Asker: 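Here it is, the structure, as structure tokens.
Atoms within each ligand, like the ligands themselves, are counted from 1 in listed order. What you are looking at is a predicted structure, and each value in this text was computed from that prediction instead of being measured.
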Amino acid sequence: MRLRGPLFPNVPLFWKVLVPFLALVVLVGAFGVFLITRDLSSRAQATLDRDLSRRSLDARALLRDRELYLLESANFAANLERMDAAINAEDDAAIGRLLQSVLALKADLTLVAGTNRAGLGLVEFTRPAPGAASSFGKGTRWSDHAFVVEALRGREGRKTSGYLPANGRTMLAIAAPVCTIDEACDAVGVAIVAIAVDDLAAAATGKPPSAPAAPPLSQTGVAIYGPDGRILARAGLSAPDEQLPGTATVDNPSRRTHRSGSTEIATLYTPLEVQGTKTGTLATSIPTGPAFSAVKGAATRLAVIVLMVIAGIVALGALISRSILAQLRPLVETNRALGQGDLAARAPVFGNDELGELAQGVNQMAEQLQAHYETLELRVEQRTEEVRRLLRDRTEFFAGLSHELRTPLAVILLQAKALLTSPGSRVARDEATDVIRTSASELLELVNDILDLAQAEAGSVEVNLERVRVTDVLLSLAPMLQRLGAAADIEVNVAVPARLPAVTADHSRLREIVVNLVDNAVKYTPSGGTVDVSAARDDRWVRVSVADTGVGIPPEVGDQLFEPFYRVPGTRPQRDEASTGLGLALSRRWVEAQGGAITWAPNPHGGTVFAFTLPLARPPLNLSKGDAIRPVRPA
Ligand code: ADP
């Protein structure tokens with residue numbers, strides 16, 4: 001995977017870590033709360049459904065009880081002894097007495113009436129509430145009610161039921177025929193008993209013994225709807241509608257919720273039956289609050305706990321982030337200081353964890369950097385000193401050069417001027433011309449030497465290396481060297497072994513070096529002295545030495561002797577020979593260009609010994625028959 005660089009590079013690390021962490025914790029928390037609340041609320045819904053159906057069952061049981069009470073009261077009133085005779089005779093007083101005895105026994109009835117065969121009310125008692133004092137009436141046309149006519153006409157003596165208004169209230173009434181013949185009923189009239197529907201509704205909201213934990217009366221509602229769907233009575237919690245919503249059966253009760261003020265109410269609609277015939281609808285209501293308030297409480301507690309946990313996790317996360325950052329910040333600052341050049345800056349090491357290791361790494365890096373920097377400073381100082389020395393050398397070189405050039409030039413100018421102003425005698429002119437010629441040739445020699453030196457300084461000493469026999473070279477030079485010495489009354493001895501291994505060298509440069517050294521030896525040796533030229537093998541070299549018995553050189557002079565224009569202070573050529581101060585400098589460069597080295601040392605017998613080496617030439621291949629040339633394999 002290719003990393004494309006950090007996200008939000010300008011946002012501090014603290015927030016980059018904390019915000020996604022916080023978001024994740026909140027998301028997980030919210031999802032958890034959602035799941036638990038959903039579970040709790042479905043449990044609450046189940047509890048509500050169970051409560052509501054139990055309440056509905058209780059209400060229906062109470063109504064069934066009332067229905068039985070009514071049926072039994074009607075049966076009792078119709079079958080009272082002499083009821084048929086009294087009705088037949090239309091003896092209102094007798095009917096009244098009989099009906100009052102019914103009222104006395106059945107205190108919950110709110111209406112008791114007896115009719116004649118035509119359904120005309122002979123006697124009727126009504127009362128405003130169960131057990132209250134009754135008021136007497138007669139002449140009501142009960143035949144206007146279909147269920148009364150049905151009871152009068154039926155031959156089986158079957159009781160019928162229906163709703164009827166009385167005293168401004170709606171009553172559930174049972175009409176029981178008063179028969180004269182037992183086998184087939186020949187109704188002489190009907191006995192009507194009734195209970196006000198609102199009393200029934202009130203009874204149905206009563207707390208039944210079957211549900212001791214049921215909500216109190218005020219928290220239960222019962223409504224009774226007639227067959228036409230219009231509301232007849234209600235008690236307790238308000239029913240949702242005046243008109244019955246939709247249809248409902250016992251097997252499939254319909255359920256609705258509605259809001260009354262701030263209370264949400266759930267209502268279950270079930271059919272209301274009297275003697276097995278549907279005569280209306282019963283609506284049982286309870287508030288949803290109690291079932292859901294437990295859920296709400298639990299959800300609130302849960303939310304608080306989750307919030308507290310989230311706050312705890314966030315605080316912990318922030319604490320950890322801060323502690324990491326507290327370790328990181330000094331590191332960042334150290335890094336910045338190092339970047340700004342403060343190489344002494346070091347990061348504090350808090351422990352051995354990854355951050356501790358990082359801090360140690362940064363410190364090690366800083367130490368190395370500091371060490372390198374110091375070495376570099378030292379080197380720069382050394383180089384600066386070297387450059388200064390070189391510049392100084394250059395200045396000295398040019399000072400020496402000017403000096404060397406000025407002397408012969410001044411002589412030439414002086415002699416030329418003398419020639420021009422006073423030509424004098426012929427001898428004097430010849431002398432002056434000779435001086436000019438000598439100075440000019442010295443000047444030429446000097447210029448040639450300088451050119452050679454400049455070439456050598458530029459690193460381009462041209463040497464033509466070949467196999468050279470040192471013995472041959474020295475022996476061929478001997479006569480010339482001896483003449484050189486003889487001119488100064490100095491004995492020059494050339495003593496070389498007849499057999500010396502050949503060297504690799506430039507033939508003419510080798511001659512120049514030897515002549516240079518012998519010339520110097522003669523120059524700095526007083527007359528009567530000796531110069532010995534010798535050569536010998538030294539390991540893989542051939543060493544050539546020139547020893548004199550001259551003025552010598554103080555040991556402290558060292559290698560300065562080989563610098564251009566260097567002259568040993570207080571030392572002068574013994575017989576005013578020419579001196580350029582470049583002979584030894586050139587000799588050294590030539591020796592080195594041929595792969596050798598030149599040194600000097602005091603002569604134990606007085607004077608100085610100069611010596612230089614040349615590398616032995618590689619032996620020529622001496623192949624005999626059968627020898628094969630093998631390729632050289634790298635080791
Ligand atoms: P110069 O042309 O002056 O001889 P060189 O480079 O040959 O220049 O020598 C440099 C200096 O070294 C001389 O000026 C002299 O002081 C010293 N020198 C060289 N050879 C000898 C020697 N054999 N004995 C004493 N001093 C010497």
Asker: How close does the nearest protein non-hydrogen atom get to atom 12 (O) of ligand 1, and which residue and atom is it?
Answerer: Leu561 CD1, 3.5 Å
Asker: Quick check on contacts: which atoms of ligand 1 are under 4.0 angstrom from a heavy atom of Thr608?
Answerer: 24 (N)
Asker: With sequence neighbours left out, what residues match Glu367 under salt bridge (Lys or Arg N to Asp or Glu O under 4.0 Å)?
Answerer: Arg346
Asker: Would you say ligand 1 has an N or O under 3.5 Å from any N or O of Val568?
Answerer: yes
Asker: Write out the residue and atom name of the closest protein heavy atom to atom 3 (O) of ligand 1, then the distance separating them to 0.1 Å.
Answerer: Ser579 OG, 2.5 Å
Asker: May I ask you to identify the nearest protein heavy atom to atom 10 (C) of ligand 1, giving residue, atom name and distance to one decimal place in Å?
Answerer: Tyr566 O, 3.3 Å
Asker: Is the shortest N/O to N/O distance between Thr571 and ligand 1 below 3.5 Å?
Answerer: no
Asker: Are there more than 12 heavy atoms of other residues, nucleotides or ligands under 6.0 Å from atom CZ of Arg336?
Answerer: no
Asker: Show which atoms of ligand 1 fall inside a sub-4.0 Å distance from at least one heavy-atom site of Ala521.
Answerer: 23 (N)
Asker: Can you pull out the closest protein heavy atom to atom 6 (O) of ligand 1? Residue, atom name and distance to 0.1 Å, please.
Answerer: Leu584 N, 2.9 Å
Asker: If we ignore angles and hydrogens, is there a donor and acceptor under 3.5 Å between the side chains of Thr471 and Arg499?
Answerer: no
Asker: Counting only heavy atoms not in Glu354 (residues, nucleotides, ligands), do more than 12 fall under 6.0 Å from its CD?
Answerer: no
Asker: So does Phe350 have more than 12 non-hydrogen atoms from other groups sitting under 6.0 Å from CZ?
Answerer: yes
Asker: Between the side chain of Thr613 and the main-chain N/O of Ile598, is any donor-acceptor distance below 3.5 Å?
Answerer: no
Asker: Using the six-membered ring wherever Trp is involved, compare the ring planes of Trp600 and Phe610 and label them parallel, tilted or perpendicular (cut-offs 30° and 60°).
Answerer: tilted
Asker: Give the numbers and elements of all ligand 1 atoms closer than 4.0 Å to a heavy atom of Lys523.
Answerer: 1 (P), 2 (O), 4 (O)
Asker: Please state whether Gly550 comes within less than 4.0 angstrom of ligand 1, counting heavy atoms only.
Answerer: no
Asker: What's the shortest distance from atom 19 (C) of ligand 1 to any protein heavy atom, and which residue and atom give it?
Answerer: Asn520 ND2, 3.6 Å
Asker: Is there any N or O on Ala585 that sits under 3.5 Å from an N or O of ligand 1?
Answerer: no
Asker: Tell me whether Thr504 contacts the main-chain N or O of Leu465 through its side chain, where contact means a donor paired with an acceptor under 3.5 Å.
Answerer: no
Asker: Does CG belonging to Asn352 count more than 12 external heavy atoms closer than 6.0 Å?
Answerer: no
Asker: Side chain or backbone of Asp548 under 4.0 Å from ligand 1, or both, or neither, by non-hydrogen atoms?
Answerer: side chain
Asker: Counting only heavy atoms, which portion of Ile553 has something under 4.0 Å from ligand 1: side chain, backbone, both, or neither?
Answerer: side chain
Asker: Using a 4.0 Å cut-off to any heavy atom of Arg567, which atoms of ligand 1 qualify?
Answerer: 3 (O), 14 (O)
Asker: Which residue from Tyr524, Phe562, Trp600, Phe610 reaches closest to atom 15 (C) of ligand 1 through any of its heavy atoms?
Answerer: Tyr524
Asker: Got a sec: does the CZ of Arg575 have more than 12 other heavy atoms crowding it under 6.0 Å?
Answerer: yes
Asker: Give yes or no for whether the N/O distance cutoff of 3.5 Å, strictly under, is met between Val551 and ligand 1.
Answerer: no
Asker: Is there a donor in the side chain of Ser508 and an acceptor in the side chain of Asp506, or the other way round, less than 3.5 Å apart?
Answerer: yes
Asker: Nearest to atom 2 (O) of ligand 1, what protein heavy atom do you find, and at what distance?
Answerer: Thr580 N, 3.0 Å
